[in-house]
Amino acid sequence: MAAKEVYGIFALAHPLIQSADLSNIPPLPDESVHHQMDLLGRTPQEELASINRRMAAMCISDLARGARQSLEDAATHIDIATQFSPGAIRSEVMDGTEDAMVAAIWAAVAARQDVFRQRAQAMRHPQLLEKVTKGLRAPLSWAPELTSFQKLRNCLEHRGGIVGMQDIDETGAMVLRLPYLKVEIVGQSGAVRPFEIGMALQERSSMEVGVDVRTQTFQLGQIVEVEPKQIGEMAFACWLFAVDLVDKLIPAAAPSGQHEIHI
């Protein structure tokens with residue numbers, strides 16, 4: 001959900017902001033008092049660049065929050081599936097009509113679910129990811145990429161996009177690895193070229209589409225700059241993560257009911 005909505009909001013808003021008159025921001029609908037806040041000493045170009053960075057950071061934060069919530073939800077369902085047995089609630093269900101027993105089972109599940117969810121919410125990302133991975137029927141395909149995305153989110157949210165000591169790895173840099181949709185054109189001779197909008201295609205050319213991993217490196221003290229097209233790639237990466245998580249979680253968590261997807 002978050003991936004689709006973030007991509008849609010950014011795709012609609014970003015082009016409009018680039019052509020907007022930032023010196024004359026209109027009031028909000030039904031706003032009785034228009035709040036005009038001016039910053040001295042900033043050029044229109046600097047103002048636009050700052051707004052673009054902030055909008056990108058907001059989108060990335062929302063995507064990362066959706067990924068985190070989905071991991072917490074997955075951990076909760078895994079706990080219910082592995083630690084919750086009919087014998088454990090026999091005294092709470094008792095005997096009765098089928099409807100009464102089903103209602104009692106759901107009540108017992110709900111009571112324990114809050115405890116499991118709070119436990120998941122208290123975990124740091126590495127511990128939460130490890131717990132979820134152990135409870136799946138197969139390892140997540142994009143676990144390292146998800147961790148690097150969380151690092152990007154932390155850098156933008158807590159350090160204004162300036163790479164700090166908390167963000168770098170043993171190489172002295174922050175490395176962002178994200179899956180993306182790779183499109184290539186294969187010519188008649190077998191030569192492969194990256195697909196570009198407006199490129200001329202030969203009659204017998206073919207198109208190949210697959211998922212690859214793009215790597216970006218940010219040095220200590222560097223300001224993270226996110227290109228507009230990367231927001232779409234990040235949303236797609238989070239969508240891949242969600243599909244991968246659900247595909248590997250459902251068989252393990254089937255007894256626990258439903259799993260909500262936040263991405």
Minimum heavy-atom separation for [X] and [Y], please, with both atom names.
X	Y	result
Ala120	Ala75	CB-CB, 4.0 Å
Thr217	Ala173	CG2-CB, 3.6 Å
Val163	Leu220	O-CD1, 3.6 Å
Leu146	Ala67	CD1-CB, 3.9 Å
Leu22	Glu47	CD1-CG, 3.8 Å
Glu145	Ser148	O-OG, 2.8 Å

Exceeds 12 heavy-atom contacts within 6.0 angstrom, atom CZ of Arg54: no
Exceeds 12 heavy-atom contacts within 6.0 angstrom, atom OH of Tyr7: no
Close side-chain approach of [X] to [Y], heavy-atom, < 4.5 Å:
X	Y	result
Glu5	Asp62	no
Asp247	Arg137	yes
Ser50	Arg42	yes
Val132	Leu245	yes
Phe218	Cys155	no
Ile60	Glu157	no
Met123	Leu71	no
Trp142	Val213	yes

In Å and rounded to the nearest 0.5 Å, what is the [atom1] to [atom2] distance from [X] to [Y]?
X	Y	atom1	atom2	value
Ile9	Ile231	CD1	CD1	12.0 Å
His125	Arg153	NE2	CZ	10.5 Å
Gln230	Gln216	CD	CD	4.0 Å
Asp244	Leu140	CG	CG	5.0 Å
Thr147	Leu152	OG1	CG	12.5 Å

Do [X] and [Y] share a hydrophobic cluster, counting only Ile, Leu, Val, Met, Phe, Trp and Tyr and linking them when any side-chain heavy atoms are less than 4.5 Å apart?
X	Y	answer
Leu156	Ile51	yes
Ile168	Leu178	yes
Leu48	Val224	yes
Met58	Leu176	no
Val175	Ile223	no

Could you check whether any side-chain N or O of [X] sits under 3.5 Å from a backbone N or O of [Y], counting only pairs where one atom can act as donor and the other as acceptor?
X	Y	value
Lys248	Pro139	yes
Ser70	Gly66	yes
Arg68	Gln121	yes
Thr76	Glu72	yes

Under the side chain to side chain contact (heavy atoms under 4.5 Å, CB included) test, residues paired with Ala13 that sit two or more places apart: Met55
Where at least one partner belongs to residues 218-227, residue pairs that pass salt bridge (charged side-chain N to carboxylate O under 4.0 Å, His left out), sequence neighbours excluded: Arg53-Glu225
Pairs where residues 161-176 contributes a residue and the test salt bridge (charged side-chain N to carboxylate O under 4.0 Å, His left out) is met, not counting sequence neighbours: Arg159-Asp167
Pair Asp79 + Arg112, salt bridge at N-O below 4.0 Å: no
Ion pair check, Arg117 and Asp114, cut-off under 4.0 Å: no
With sequence neighbours excluded, residues passing ring pair (Phe, Tyr, Trp, His ring centres under 6.0 Å) with His14: Phe10
Set of salt bridge (Lys or Arg N to Asp or Glu O under 4.0 Å) partners for Glu184, sequence neighbours left out: Lys182
For Val192, the rest of its hydrophobic cluster, which grows through side-chain links under 4.5 angstrom: Val186
